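Owing to the predicted nature of the structure, the values given are computational and were not obtained by experimental measurement. Keep in mind that the numbers below use all heavy atoms, side chains included, and drop hydrogens, waters and symmetry copies.
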Amino acid sequence: MSARDDDSACSSEGEEDVVADLESRPVRVSYCPACSFPAEYCEFSGKLEACKPWLEEQMVQVQNLKEKGKVKKKTEEGVKELPGGKKKKKTLQEVLVSVNKRGGRKHITNVKGMDMFGHKLDEIAKAFKKSLSCGASVISLPGQPDSIDIQGDVQDTLLERLPTKFKVPKELIFKMVDKQKVPAF
């Protein structure tokens with residue numbers, strides 16, 4: 001039994017087999033009986049007029065399956081599809097404050113997630129510089145959300161000011177303790 005005979009046998013079976021073929025991997029390709037090309041390439045065969053009835057029949061079958069809801073595009077909850085087929089996970093609205101040791105007795109306080117609350121990170125970094133009398137900058141790393149690095153261990157001061165000055169809800173502020181995310185309040 002040749003591959004062409006096998007494909008024609010599958011196309012004569014019920015709609016359930018067609019749905020199973022569309023959902024499973026690898027995809028079975030149905031070939032045109034007039035030109036022996038896949039449906040996408042019939043126009044290049046030079047026998048398009050002979051292929052048209054078969055193509056219309058195939059398109060009606062696929063359209064009927066889509067209308068019945070048997071062929072569904074699976075999308076995960078919390079995932080946004082971007083142009084070009086890329087997917088972007090929606091991030092939770094939360095602020096994470098952590099302190100990292102830089103060397104010796106020096107520390108860096110890192111604040112992530114402030115941009116989720118409608119604040120501009122450059123303006124927040126500037127406000128931290130003025131109010132805490134230290135250096136602060138916006139850090140952009142590929143594959144990670146933007147964050148603000150502040151010189152020194154100012155975690156306690158930040159946790160006091162975030163709800164009052166920047167109007168971040170207390171239940172959405174977290175801090176890192178021994179490499180674990182813990183609610184700050």
J.: Rounded to the nearest 0.5 Å, how far apart are CD1 of I139 and OG of S147?
T.: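 Nearest 0.5 Å value for the CD1-OG distance: 6.0 Å.
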J.: Examine F166 and L172 and state if one hydrophobic cluster contains both, with Ile, Leu, Val, Met, Phe, Trp and Tyr joined whenever side-chain heavy atoms are less than 4.5 Å apart.
T.: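 Yes; L172 is reachable from F166 via cluster members.
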J.: Transitively linked via ILVMFWY side-chain contacts under 4.5 Å: L158 with F185?
T.: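 In one cluster with L158: F185, yes.
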J.: Please report the shortest heavy-atom distance between C134 and F128, naming the atom on each side.
T.: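 Between these two residues, the closest heavy atoms are SG-O, 4.4 Å.
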J.: Any Lys/Arg nitrogen of K181 or E94 sitting under 4.0 Å from an Asp/Glu carboxylate oxygen of the other?
T.: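 Yes, this pair counts.
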J.: About how many Å separate SG of C32 and CZ of F37, when rounded to the nearest 0.5 Å?
T.: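 With rounding to 0.5 Å, CZ (F37) is 9.5 Å from SG (C32).
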J.: Is there a path of hydrophobic side-chain contacts, each under 4.5 Å between heavy atoms, that joins I173 and F117?
T.: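 Yes, same cluster.
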J.: Under a 4.5 Å cut-off applied to non-hydrogen side-chain atoms, are S131 and R161 in contact?
T.: yes
J.: What are the two closest non-hydrogen atoms of E49 and P53, and how far apart are they?
T.: O-CD, 3.8 Å
J.: Examine Y31 together with Y41 and report whether their ring centres are nearer than 6.0 Å.
T.: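 No - the distance between ring centres of Y31 and Y41 does not fall below the 6.0 Å cut-off.
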J.: Show, in sequence, the C-alpha distance, side-chain angles and deciding distance for L55 and E57, and conclude whether the side chain to side chain contact (heavy atoms under 4.5 Å, CB included) test is met.
T.: CA-CA 5 Å; L55 285 172; E57 178 185 323; over 6 Å; no
J.: Show, in sequence, the C-alpha distance, side-chain angles and deciding distance for V95 and M116, and conclude whether the side chain to side chain contact (heavy atoms under 4.5 Å, CB included) test is met.
T.: CA-CA 8 Å; V95 174; M116 295 297 199; over 6 Å; no
J.: Of I150, I148, D156, L162, which is the lone residue that meets side chain to side chain contact (heavy atoms under 4.5 Å, CB included) with V97?
T.: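 Of the listed residues I150, I148, D156, L162, the side chain to side chain contact (heavy atoms under 4.5 Å, CB included) partner of V97 is L162.
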J.: Roughly how far apart are D153 CG and K101 NZ, rounded to 0.5 Å?
T.: 11.0 Å
J.: How far apart are the closest heavy atoms of A34 and C51, and which atoms are they?
T.: CB-SG, 4.0 Å
J.: Check whether any side-chain N or O of T109 sits under 3.5 Å from a backbone N or O of G152 as a donor-acceptor pair, and report yes or no.
T.: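 Judged by distance alone, yes, a pair lies under 3.5 Å.
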J.: Nearest 0.5 angstrom please: E160 CD to Q155 CD, how far?
T.: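 Atom-to-atom, E160:CD and Q155:CD are 11.5 Å apart.
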J.: Should I124 and V99 be counted in the same cluster of Ile, Leu, Val, Met, Phe, Trp and Tyr side chains packed under 4.5 Å apart?
T.: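 No, it is not one cluster - the side chains of I124 and V99 are not joined through contacts under 4.5 Å.
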J.: Measure across G135 and K129 and return the closest heavy-atom pair with its distance rounded to 0.1 Å.
T.: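 Between these two residues, the closest heavy atoms are C-CG, 4.3 Å.
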J.: Against D149, only a single residue in V111, I108, V138, N100 fulfils side chain to side chain contact (heavy atoms under 4.5 Å, CB included); can you say which?
T.: I108
J.: Begin from the C-alpha positions of K175 and S98 and carry the test side chain to side chain contact (heavy atoms under 4.5 Å, CB included) through to its verdict.
T.: CA-CA 6 Å; K175 64 180 181 178; S98 63; over 6 Å; no
J.: Any donor-acceptor pair under 3.5 Å linking the side chain of H107 with the backbone of R102?
T.: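 A pair under 3.5 Å: no.
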J.: Return yes when atom CD of Q144 has more than 12 non-hydrogen atoms of other residues, nucleotides or ligands closer than 6.0 Å, and no otherwise.
T.: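 More than 12 within 6.0 Å, yes.
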J.: With hydrophobic residues grouped by side-chain heavy-atom distances under 4.5 Å, do M114 and M176 end up in a single group?
T.: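 No, M114 does not connect to M176 through the hydrophobic network.
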